Amino acid sequence: MEEKIKAVLVEYSNLLFATEISQDLIQFQATRKDVEGDLTLLVFPFVKLMRCSPVEAGEKIANFIIEKIPEIKKCAVINGFLNIVFSDDYWFNQLKEIHQNEHFGFSKKDSKPMVMVEYSSPNTNKPLHLGHLRNIFLGHSVAEILKANGHEVIKTQVINDRGIHICKSMLAWEKFSPLNKNGERETPSNTNLKGDKLVGKYYVEFDKRYNAEAKEIISLWEKGNFEGFSSTISENYKKFQAALTGKDEKAQLAIHDKIKDLAKNETSLFREAKDMLIKWEARDPQTYLLWTTMNNWVYAGFDVTYKKMGVSFDKLYYESETFLLGKDQVIEGLKSGVFFKKEDGSVWIDLTSEGLDEKLVLRSDGTAVYMTQDIGTAIDRFNDYKHLSGMVYTVGNEQDYHFKVLFLILQKLGYSWAKNCFHLSYGMVDLPSGKMKSREGTVVDADDLMAEVVEKATELTKERGHLDGLSESDRNLLYERIGMGGLKYYLLKVDPKKRMLFNPEESVDLTGNTGPFIQYAHARICSLLKKGAVGKSMDILPFELQAEEKELVKCLALYPSIIDEAAENYSPALLANYLYELVKQFGHFYQTIPILIEVNQEAKLGRLILSTNVAKVIKSGLNLLGIEAPEKM
RNA sequence: GGUCCGCUAGCUCAGCUGGAUAGAGCAACGCCCUUCUAAGGCGAAGGUCUCAGGUUCGAAUCCUGAGCGGAUCACCA
């Protein structure tokens, strides 16, 4: 409709405005709720052209479009706003179209370029936590939204399965795991622990012992005992000590951290972990066996977690297989002058002309860093998928700088797809007590949290749900869906870019702007339809729409543009907020307009069909958020 | 210190490319289940959009500066 009005105004611009006008002058906005109208045209831009008051200008335009466009019933000019009312037929036809379109809101499948969406990408040394939940739900939902928007989508992750941090948990397990009566160390099967939890336990164990050892070393240093340490160590220590005087508390803390790092590097545990990494890189069979064994425990654990989350991946990348990939690229780039070599042999890129710094891409010993690997992985992916046009990296905003550099490097290396790489940068999740810190044990475990929300949903659903006729397993499924729906919605309704607060109490809430509230509307409609005996295939007959019904159709009609917008902005939050708006509108309609007891059969059928379509959009939208829509609750 | 991000009701958040009287939820208050699921609906209350300048018919939105909070600036990932 907007397009139609635009076209008319442009076509007859000479007549109306005595000059050609550009499309940009024609601006629409939604009509205020307390004013009659379905669409509002801003008159201000034309006032100068027409050399008259906003009211006169508006009236001129109004008379004109009423004459030219039959779907416009009437217009009213208030201040500089031209409020346009569409005919009843128009809205009825909108509803009819929505009703007949089974994939309403979705673009044609695979009509847009293929994109890869990366999310999760965990380390294999500890279990998933609340931060991962935001990442995973976000990435999964964005992938679904892009699909709905017509893209072919490949879901992926790169699993950080190697490196010093992995060796730490391996070493700790080997050194510190107690033996049971059969002489075995702890395993998932003999402890009944999830694999990721068991490995995580040893990572923590390593950290504990490691810190304790570092502390001992520092106390030696404090006494001036540097026996067995190199002279550079004692010099550095003294330098840090000297720097402490006259600094504020925050700066002092930072210096203490540096001293601690210095000591940590001197611990025997760290040396052993480093030795293990060297052995691993040399593919020492025993180390490799330990590594595969422990990683497999973790994968088994992650699988359980992912299943509960309801997410999946089409293709997995492992860091152990990709970490060397970027080296050749760096050597190529060195030849072509994109990179430069320093005296010590390390390779860098100079981004100072872009307002950034110099960045290391290869260590002096020739080994790869994170950046090297990411360059290689990106190129590898585009080789794996010949039709791939772009990539979305779901990674926290603490890595904004990294991705800025990565994309610049890829561009400089001459890859045209680099401009289609997007860092879906999301904000951290805070707790009411502040930041999550593993050191302070304030990290919220993903499995625990999911179990908690489901338990809470179970309790509340038993209190107030409509469970008759549901089997035990159906009930459990329902509790699961409500609990998880609440959690997902809670994490997705906030603009991804923004840091957010996770309030445990609010996350299990069922009232207000929550997942269960939206699910509830769906269940209500399903119950209504069952009683009204309306099938999806039923034809709609003309009936006179009430104001509440028109509002609801108006809201439904927005769905396609919401999907477009959510895809364009990589923002499930836009979709979540839309669904909430739709459900509120439905609640209003449901409360004011009789449906099943309506005597006028056309109106009754029309309202039932309207409700069917609201349910259709709710279900479709929730699914794009990764949330199930129960038919009964 | 350089760079980047944020600041909207007591709390958590919406507010699209500048547009009418800045909106929701939670919390607190009042009302509505002999009509379809009260996990609901309705009403009232709650604001110097951090501050100061600027751009213009018009600024929460754009620009400049300040304040506060956060992230990042590793031969870590």
Side-chain angles (χ1 to χ4, degrees), chain A residues 24 27 29-35 40 42-45 47-48 54 78-81 83 121 123 160 163-165 261 319 342 344-348 355-357 359-365 367-371 373-374 396-402 404 425 427-428 430 432 435 457 460-461 463-466 482 486 490 493-495 497-503 505-506 509-514 516-521 523-532 561 565 569 573-574 576-577 580-581 583-584 586-598 607-608 611 632-633:
Chain A
D24 312 340
Q27 293 172 44
Q29 67 183 48
T31 306
R32 277 179 63 102
K33 278 193 184 140
D34 50 352
V35 174
T40 294
L42 297 178
V43 184
F44 302 105
V47 169
K48 270 187 191 161
I78 306 175
N79 301 325
F81 301 90
N83 299 313
S121 298
N123 291 340
N160 299 296
I164 189 77
H165 51 292
D261 284 343
E319 192 185 314
K342 286 197 177 173
D344 60 4
S346 57
V347 181
W348 298 72
L356 305 174
D357 300 320
K359 186 86 188 170
L360 179 88
V361 291
L362 210 57
R363 292 196 188 99
S364 52
D365 60 5
T367 56
V369 288
Y370 185 42
M371 189 61 78
Q373 166 190 325
D374 270 7
N397 64 8
E398 74 261 350
Q399 293 195 38
D400 284 355
Y401 185 73
H402 173 78
K404 214 185 241 178
S425 159
M428 297 291 103
D430 286 332
K435 272 191 195 174
L460 294 169
T461 304
E463 260 172 42
R464 59 183 110 182
H466 303 75
I482 295 173
Y490 186 83
K493 72 174 171 184
V494 181
D495 182 351
K497 290 195 288 287
K498 290 193 181 165
R499 164 180 281 269
M500 70 174 287
L501 185 80
F502 183 85
N503 184 325
E505 278 149 46
E506 278 177 22
D509 218 334
L510 308 173
T511 59
N513 189 358
T514 64
F517 169 73
I518 293 168
Q519 291 174 315
Y520 181 68
R524 280 175 124 180
I525 297 172
C526 288
S527 154
L528 194 61
L529 296 174
K530 213 168 159 191
K531 289 191 177 153
S561 64
E565 225 177 302
N569 295 296
L574 295 176
N577 287 318
Y580 177 58
E581 206 55 51
V583 166
K584 269 203 298 187
F586 177 77
H588 186 59
F589 155 79
Y590 182 82
Q591 205 75 211
T592 18
I593 310 251
I595 303 169
L596 293 176
I597 56 163
E598 171 62 54
R607 285 167 195 168
L608 283 167
S611 304
K632 213 173 166 177
M633 67 188 271

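So you know, we letter chains A, B, ... as the sequences are listed, proteins then strands, and number each from 1. Here the structure is a predicted model, which is why all the values come from computation and not from measurement.
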Checklist entry - How would you label the contact of A:Met500 with the nucleic acid (heavy atoms, under 4.0 Å): base, sugar-phosphate, or nothing? => result sugar-phosphate
Next on the checklist: Work out how far the C1' atom of B:C62 is from that of B:U21, and round it to whole angstrom.
Outcome noted: 23 Å
Item to check | Phosphate contact (B:C7 OP1 or OP2) by A:Lys498 side-chain N/O below 4.0 Å | outcome: yes
Item to check | Gap between atom CG of A:Leu362 and atom CE of A:Met371 - 0.5 Å precision | outcome: 12.5 Å
Next on the checklist: Any donor-acceptor pair under 3.5 Å linking the side-chain atoms of A:His402 with those of A:Asp374?
Outcome noted: yes
Checklist entry - Has the side chain of A:Asn83 got a donor or acceptor atom sitting under 3.5 Å from an opposite partner on the base of B:A20? => result yes
Item to check | Contact under 4.0 Å: A:Tyr520 side-chain N or O vs B:A39 OP1/OP2 | outcome: yes
Next on the checklist: Please determine whether a side-chain nitrogen or oxygen atom of A:Ser527 lies at a distance below 4.0 Å from atom OP1 or OP2 of B:U37.
Outcome noted: yes
Item to check | B:G19 base stacked by A:Phe81 (centroids within less than 5.5 Å, tilt under 30°) | outcome: no
Checklist entry - With sugar-phosphate meaning primed atoms plus P, OP1 and OP2, does A:Tyr580 contact a base, only sugar-phosphate, or nothing at under 4.0 Å between heavy atoms? => result sugar-phosphate
Next on the checklist: Does B:C26 have OP1 or OP2 under 4.0 Å away from a side-chain N or O of A:Thr511?
Outcome noted: yes
Checklist entry - How is A:Leu501 classified with respect to the nucleic acid when contacts are heavy atoms under 4.0 Å: base, sugar-phosphate, or nothing? => result sugar-phosphate
Checklist entry - Do A:Glu463 side-chain and B:A39 base share a donor-acceptor contact under 3.5 Å? => result no
Item to check | Syn/anti state for B:C32 [syn: chi within 90° of 0] | outcome: anti
Checklist entry - Does A:Arg32 have a side-chain nitrogen or oxygen under 4.0 Å from the phosphate oxygens OP1 or OP2 of B:A22? => result no
Checklist entry - Which pair of heavy atoms, one from A:Tyr490 and one from A:Met500, lies closest together, and at what distance? => result O-CE, 3.7 Å
Next on the checklist: Looking at A:Thr40 and B:A20, is any side-chain donor or acceptor paired with a base atom of the opposite kind under 3.5 Å?
Outcome noted: yes
Item to check | Side-chain N or O of A:Arg363 closer than 4.0 Å to phosphate OP1/OP2 of B:A74 | outcome: no
Checklist entry - Hey, does the side chain of A:Lys531 come within less than 4.0 Å of B:U35's phosphate (OP1/OP2), counting only N and O? => result no
Checklist entry - Counting only side-chain N and O atoms of A:His165, is one of them less than 4.0 Å from OP1 or OP2 of B:A77? => result no
Next on the checklist: Quick one about A:Asp400 and A:Ser425 (side-chain donor to acceptor, distance below 3.5 Å, no hydrogens or angles considered), yes or no?
Outcome noted: yes
Next on the checklist: Just to be sure I understand the rule, does A:Lys497 reach a base, reach only the sugar-phosphate, or reach nothing, if contact means heavy atoms closer than 4.0 Å?
Outcome noted: nothing
